Amino acid sequence: MAEEKELRYDPSVIEPKWQQRWAADPKLYAAEPAGSGKPKYYVLEMLPYPSGQLHMGHVRNYAIGDALARQMWMRGYNVLHPMGWDAFGLPAENAAIKNNTPPREWTLANIAAMKRQFNRLGMGFDWATEVTTCLPDYYRWNQWFFLRMYERGLVYRKKSKVNWCPECCTVLANEQVIDGRCWRHEDTIVEQRDLEQWFFRITSYAQELLDGLDKLDGWPEKVRTMQRNWIGRSEGTEVDFFLAESAVNAQNDDCSPRTIPAGRRIRVFTTRVDTIFGATSIQLAPEHPLVIDLAGKDAGLRTQVAQLLDEQKKAREAGDVGAIEKHGVPTGHFAINPFNGERIPIWVANYILADYGTGAIMSVPGHDARDFEFATKYAIPIRRVIAPATPPANAEESELPFLTEDGILVNSGEFDSLTCEAAQKRLAQIAKEKGFGEATVTFRIKDWGVSRQRYWGTPIPMIHCKTDGVVPVPDDQLPVILPEQIEITQQGGSPLARVSEFVNVTCPKCGQPARRETDTMDTFVDSSWYFYRYTDAKNSKAPFDSATIKHWFPIDQYIGGVEHAILHLIYSRFWTRVMRDLGLITNDEPVTRLFTQGMVIKDGFKMSKNRGNVVSPDDMIARYGADATRTYALFAAPPDRDLDWQEDGVAGVSRFLGRVYRIVMKHAATARSASGAPSQPPAGTSLRLLRKLHQTIAKITHDFEGRWHFNTCIAAIMELVNELTAADAQLESGEVPAPAVRELLTNLVLLLAPFAPYLAAELWEELGGQAAPFRAPWPKSDPGLAKEDEIEIPVQVNGKLVNVVRVPAGSASEVIQAAALADEKVKSRIAGKTIAKVIVVPGKTVNLVVR
RNA sequence: GCGAAAGUGGCGGAAUUGGCAGACGCACCAGACUUAGGAUCUGGCGGGGUAACCCAUGAGGGUUCGAGUCCCUCCUUUCGCACCA
């Protein structure tokens with residue numbers, strides 16, 4: 001009885017013991033240098049924001065990466081598996097305001113707490129390469145890159161309309177605005193403000209970022225589609241319509257008629273220049289610069305335009321631009337179609353966006369659904385200029401409203417009978433020759449606004465001088481250190497602007513007093529290149545060593561949530577290309593394979609504090625241990641699907657680990673006593689168990705490497721353990737010889753090692769194993785042993801299952817057929833009927849077709 | 001509206017190329033052991049039927065000797081895009 005008690009699986013004893021031993025061995029999870037001869041494998045999970053608490057989504061993310069890293073070590077790879085902290089950002093500032101704690105202190109304390117959690121979970125990270133983005137030894141390189149990009153014209157400063165989150169009290173990049181709301185505050189509507197801001201010229205790489213997606217076949221199609229949509233390439237033509245001379249509605253301040261000079265132009269962007277003969281109006285965005293001129297002193301028109309703008313803004317804020325009811329007002333002015341000299345009215349409309357294309361369109365109601373809706377509403381003429389290439393049998397179908405498909409030009413003067421494609425080329429060419437337009441490519445993606453009016457971020461290394469304008473901080477003055485003892489409030493712009501020691505500098509050019517830039521960089525700058533720094537985290541001379549990068553990059557496997565599909569993941573791809581063009585690296589893409597894991601759900605909803613359905617990892621570890629918590633996170637669902645957290649399931653996994661513990665502990669002495677190979681080929685129970693073992697190894701190896709179905713891997717280990725448990729008496733009695741026991745138990749432990757490293761380490765030691773189990777070679781399945789000598793073949797009659805017959809493995813069709821026909825149940829089923837056809841699929845099935 | 005993914009017991013999920021639907025786990029039921037415990041072990045567990053059998057993978061069609069798997073139509077859920085000219 002006392003002995004039975006000792007066999008109780010107690011993770012609260014085992015896990016801290018190994019955690020201590022591993023902590024004393026800093027080389028345990030370290031990558032080997034480049035020349036080790038092993039193939040390299042860089043596995044990376046997205047680094048966490050140091051909020052102070054890991055949540056279950058983290059546990060899942062890192063359990064996946066850690067299982068992969070351990071298995072790759074076992075398969076003989078030189079694995080780089082680092083971790084760091086995305087440590088700049090607003091929560092630290094908000095906490096500072098709330099608790100009067102300096103952001104740095106708050107952040108570093110959180111990092112320490114989360115590092116403890118990581119270590120308690122037994123995550124195999126190489127902490128020697130840890131990266132903390134809020135420390136000067138990291139962010140100085142953000143500044144260094146900023147300066148290099150400035151030198152190349154990839155950084156510029158511009159006053160423009162920018163997104164402002166009133167909750168964050170700072171500007172946001174377009175990528176950080178989702179359906180008109182802040183990415184961090186989904187209830188907060190983002191405002192537009194006119195501000196002077198720093199931008200990264202990501203649009204210079206728009207085409208390359210788009211083209212690169214085609215080659216990223218290791219990325220989920222979903223993410224690639226999202227990035228394609230975001231980049232939003234559109235091929236078309238820009239055409240100038242000439243303003244017709246007109247005094248209508250235009251008055252000067254003294255109420256005298258105001259004449260807009262003929263010859264001024266309105267440039268429109270269209271993807272369907274072939275329909276230009278069907279243009280019956282020009283539509284301007286309410287914010288189009290020409291609108292003010294056209295309105296002149298016409299107060300009524302100005303009010304109406306203001307209203308249109310307001311409608312557009314409201315629709316944007318509602319995140320529902322598609323549903324806006326189209327409104328417009330005629331300006332009373334006219335434009336001349338450069339191709340046919342036709343005079344068409346100029347309108348202002350609420351559905352035209354100022355920030356796409358040229359902010360002006362030619363409206364072709366005959367061949368565009370939106371234009372048709374608008375023209376119908378305001379009785380603007382609708383004209384057909386494209387006819388179907390093959391006229392429909394039913395004439396009705398060729399009637400308006402409109403044909404948006406390609407066809408043949410009609411009512412288009414000299415261009416009649418051209419195909420749409422040919423007409424587009426021809427018209428663009430003519431426009432170019434005559435100087436009133438050209439073929440262009442438009443992108444939806446905008447330059448990346450990186451200025452943030454907040455404190456806890458990388459200072460932008462620029463100085464404003466009255467004489468010399470904007471002057472970069474010289475390299476030898478880097479890093480520009482973020483001052484620490486400062487007062488933080490959310491009001492009144494950048495907190496740094498109130499720190500006179502920081503602001504007041506001398507101009508590096510003229511030596512006169514100057515003002516330092518007080519905005520900080522977007523935190524997405526930090527995460528755009530952090531994974532390069534891991535390879536050389538202590539380098540104080542450069543951001544990294546280029547030769548080392550060449551060895552480790554691109555990242556073989558990146559794992560994280562899909563929520564970064566267009567934020568972090570597009571910025572990183574941009575940054576990689578910038579570094580390549582700076583001559584620092586040679587790879588075009590940072591990541592070969594991307595995996596986006598599903599969310600962790602509880603009671604049908606994503607875990608969230610608001611909903612009160614959060615499960616704390618610490619709690620789970622305290623109750624069931626880290627191994628059970630991690631293993632459950634991998635067992636409950638395939639990693640790409642959402643995971644429904646059920647605590648009873650964790651208890652079930654914990655019971656399973658207990659069974660593993662007991663069966664191995666009970667027979668460990670027998671296994672240790674084994675010397676050499678078994679004297680005879682296995683038979684009876686030994687054969688059955690060894691066969692199951694080698695089948696299990698084959699299955700797990702396949703599911704792990706090919707499909708990442710960790711749930712079926714773990715289920716297979718459970719099956720093996722169930723068989724071992726059922727054969728407990730035979731193991732005990734010596735019916736299964738010691739070498740077989742050793743083979744069974746050591747391999748079981750090795751198979752378990754990627755999922756439950758603590759238990760594996762404990763049992764490995766008990767079995768007399770050297771080093772750590774996750775540094776031992778991954779088990780190899782012996783196909784001879786795995787092979788069954790008899791298999792079951794289902795027999796169907798007319799497609800219905802009747803019985804199962806046993807035949808020797810590899811039996812020929814005739815043998816299988818004979819066995820099927822000899823079966824009593826089958827016989828009785830086909831009695832009195834004629835066999836019309838027999839289908840035998842060797843190794844699979846027999847189907848008898850009878851009448 | 002367009003595009004993608006998904007829909008299997010009471011629950012999470014298996015089913016590798018079209019070949020025994022429900023592996024594995026949870027929950028539940030029965031039993032064993034017992035110094036009573038959130039322990040361990042054994043058996044049962046899709047529905048109907050005493051049984052032989054019959055029915056069953058969102059619904060309906062189809063292809064096939066054979067369909068959860070392939071094709072068509074529809075329904076539901078999730079995600080992405082959506083006046084982008």
Side-chain angles (χ1 to χ4, degrees), chain A residues 1 4-5 7-9 220-223 225-226 228-230 232-234 236 268-272 275 283 285 312 315 319-326 349-353 355-364 368-371 373-374 442-444 562 565-566 599 601 623 632 635-638 640-656 658-659 662 699 702-703 706-707 709 711-719 721-722 725-726 728 792-804 828 836-841 843-850:
Chain A
M1 270 307 107
E4 290 285 320
K5 265 251 156 72
L7 285 184
R8 215 174 86 80
Y9 168 55
E221 193 50 52
K222 182 184 161 149
V223 173
T225 305
M226 285 168 76
R228 278 192 196 102
N229 287 339
W230 185 257
R233 184 181 197 272
S234 180
V268 304
F269 173 73
T270 176
T271 54
R272 292 296 304 273
T275 63
Q283 305 288 343
Q312 185 175 89
D320 203 14
V321 188
I324 190 173
E325 201 190 328
K326 291 181 183 55
N350 62 355
Y351 70 99
I352 307 301
L353 306 169
D355 56 2
Y356 182 78
T358 59
I361 65 154
M362 61 177 205
S363 176
V364 186
D368 182 283
R370 301 154 297 184
D371 295 346
E373 186 190 336
F374 192 85
T442 303
F443 291 95
R444 206 180 74 125
V562 76
I566 29 192
M599 285 188 302
I601 303 285
R623 274 189 232 188
Y632 174 74
F635 174 65
D640 52 330
R641 267 207 242 174
D642 285 352
L643 167 80
D644 185 50
W645 194 270
Q646 298 186 3
E647 192 172 326
D648 286 335
V650 189
V653 168
S654 168
R655 282 197 287 271
F656 157 66
R659 283 199 296 280
R662 281 188 301 276
K699 176 173 174 54
H702 178 269
D703 285 2
R707 311 193 302 165
H709 277 203
N711 53 334
T712 55
C713 291
I714 294 162
I717 302 177
M718 287 173 171
E719 283 187 56
V721 170
N722 289 347
T725 309
D728 188 37
E792 292 186 331
I793 302 282
V795 182
Q796 301 171 343
V797 174
N798 289 342
K800 297 251 178 208
L801 178 73
V802 171
N803 205 0
V804 172
S828 71
K837 198 173 175 187
V838 180
I839 291 132
V840 182
V841 184
K844 297 272 189 192
T845 190
V846 177
N847 193 5
L848 307 170
V849 184
V850 300

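All values reported here derive from a predicted model rather than from experimental measurement. Hydrogens, waters and symmetry mates are skipped; everything else that's a heavy atom, side chains included, is used.
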Of all the heavy-atom pairs spanning [X] and [Y], show the shortest one and how long it is.
X	Y	value
Asp642(A)	Met599(A)	OD1-N, 2.8 Å
Arg707(A)	Thr712(A)	NH2-OG1, 4.1 Å
Pro794(A)	Leu801(A)	CB-CD1, 3.6 Å
Gln646(A)	Asp644(A)	NE2-OD2, 2.8 Å
Phe269(A)	Thr358(A)	N-OG1, 3.3 Å
Leu353(A)	Ala285(A)	C-CB, 3.8 Å

Determine the interatomic distance between [atom1] on [N] and the same-named atom on [M]; round to the nearest Å.
N	M	atom1	value
G68(B)	G22(B)	C1'	11 Å
A5(B)	G60(B)	P	24 Å
G49(B)	G10(B)	P	16 Å
G25(B)	C72(B)	P	38 Å
G1(B)	G58(B)	C1'	24 Å
G13(B)	G62(B)	C1'	30 Å
G46(B)	C29(B)	C1'	16 Å
C55(B)	G66(B)	P	15 Å

ring-ring contact (aromatic ring centres under 6.0 Å, His included) filter on Tyr632(A), not counting sequence neighbours, yields Trp645(A)
The ring-ring contact (aromatic ring centres under 6.0 Å, His included) partners of Phe374(A) (sequence neighbours excluded) come to Trp347(A), Tyr351(A), Tyr378(A)
On the nucleotide [N], are OP1 or OP2 found under 4.0 Å from the side-chain N or O atoms that [X] carries?
X	N	value
Thr845(A)	C20(B)	no
Arg655(A)	G38(B)	no
Arg444(A)	A82(B)	yes
Asn229(A)	G3(B)	no

Look up atom [atom1] in [X] and atom [atom2] in [Y], then write down how far apart they are to the nearest 0.5 Å.
X	Y	atom1	atom2	value
Arg272(A)	Asp371(A)	CZ	CG	11.5 Å
Ile352(A)	Lys326(A)	CD1	NZ	9.0 Å
Asn803(A)	Glu792(A)	CG	CD	9.5 Å
Arg233(A)	Arg444(A)	CZ	CZ	15.5 Å
Arg659(A)	Ser654(A)	CZ	OG	10.0 Å

How many Å lie between [atom1] on [X] and [atom2] on [N], as a whole number?
X	N	atom1	atom2	answer
Leu801(A)	G22(B)	CG	P	10 Å
Asp728(A)	C41(B)	CG	P	10 Å
Asp640(A)	A4(B)	CG	P	18 Å
Gln283(A)	A85(B)	CD	P	16 Å
Lys222(A)	A4(B)	NZ	P	14 Å
Met362(A)	C83(B)	CE	P	20 Å
Met226(A)	A82(B)	CE	C1'	14 Å
Lys800(A)	C55(B)	NZ	C1'	8 Å

Enumerate all atom pairs, one protein N or O and one N or O from nucleotides 62-70 of chain B, separated by less than 3.5 Å.
residue, atom, partner, partner atom, Å
C65(B), O2', Asn847(A), ND2, 2.8
C65(B), O2, Asn847(A), ND2, 2.6

When Gly652(A) and Arg233(A) are each assigned the nearest nucleotide of RNA chain B, the 5'-most assignment goes to Gly652(A)
Whichever of Glu647(A) and Thr725(A) has the more 5' nearest nucleotide on RNA chain B, that residue is Glu647(A)
Regarding G9(B), purine or pyrimidine glycosidic angle vs 90° from 0 gives syn
Distance-only donor-acceptor test, Glu792(A) side-chain atoms vs C20(B) base atoms, 3.5 Å: yes
Heavy atoms only, 4.0 Å cut-off, all strands: where does [X] land among base, sugar-phosphate and nothing?
X	result
Asn722(A)	sugar-phosphate
Ile793(A)	nothing
Gly232(A)	nothing

Intra- and inter-strand pairing of RNA chain B, written as dot-bracket with Watson-Crick and G-U pairs under 3.5 Å and | for the latter, reads (((((((..(((......[....))).(((((.......))))).(((....)))..(((((..]....))))))))))))....
Each nucleotide of nucleotides 7-15 of chain B classed B (base within 4.0 Å of a protein heavy atom), S (only sugar-phosphate) or -, in 5' to 3' order, makes ----SBSSS
Taken in chain and number order and not counting sequence neighbours, the residues that satisfy salt bridge (charged side-chain N to carboxylate O under 4.0 Å, His left out) with Asp640(A) are none
Quick note, His702(A) side chain, CB onward, closest among C83(B), A85(B), U16(B) is U16(B)
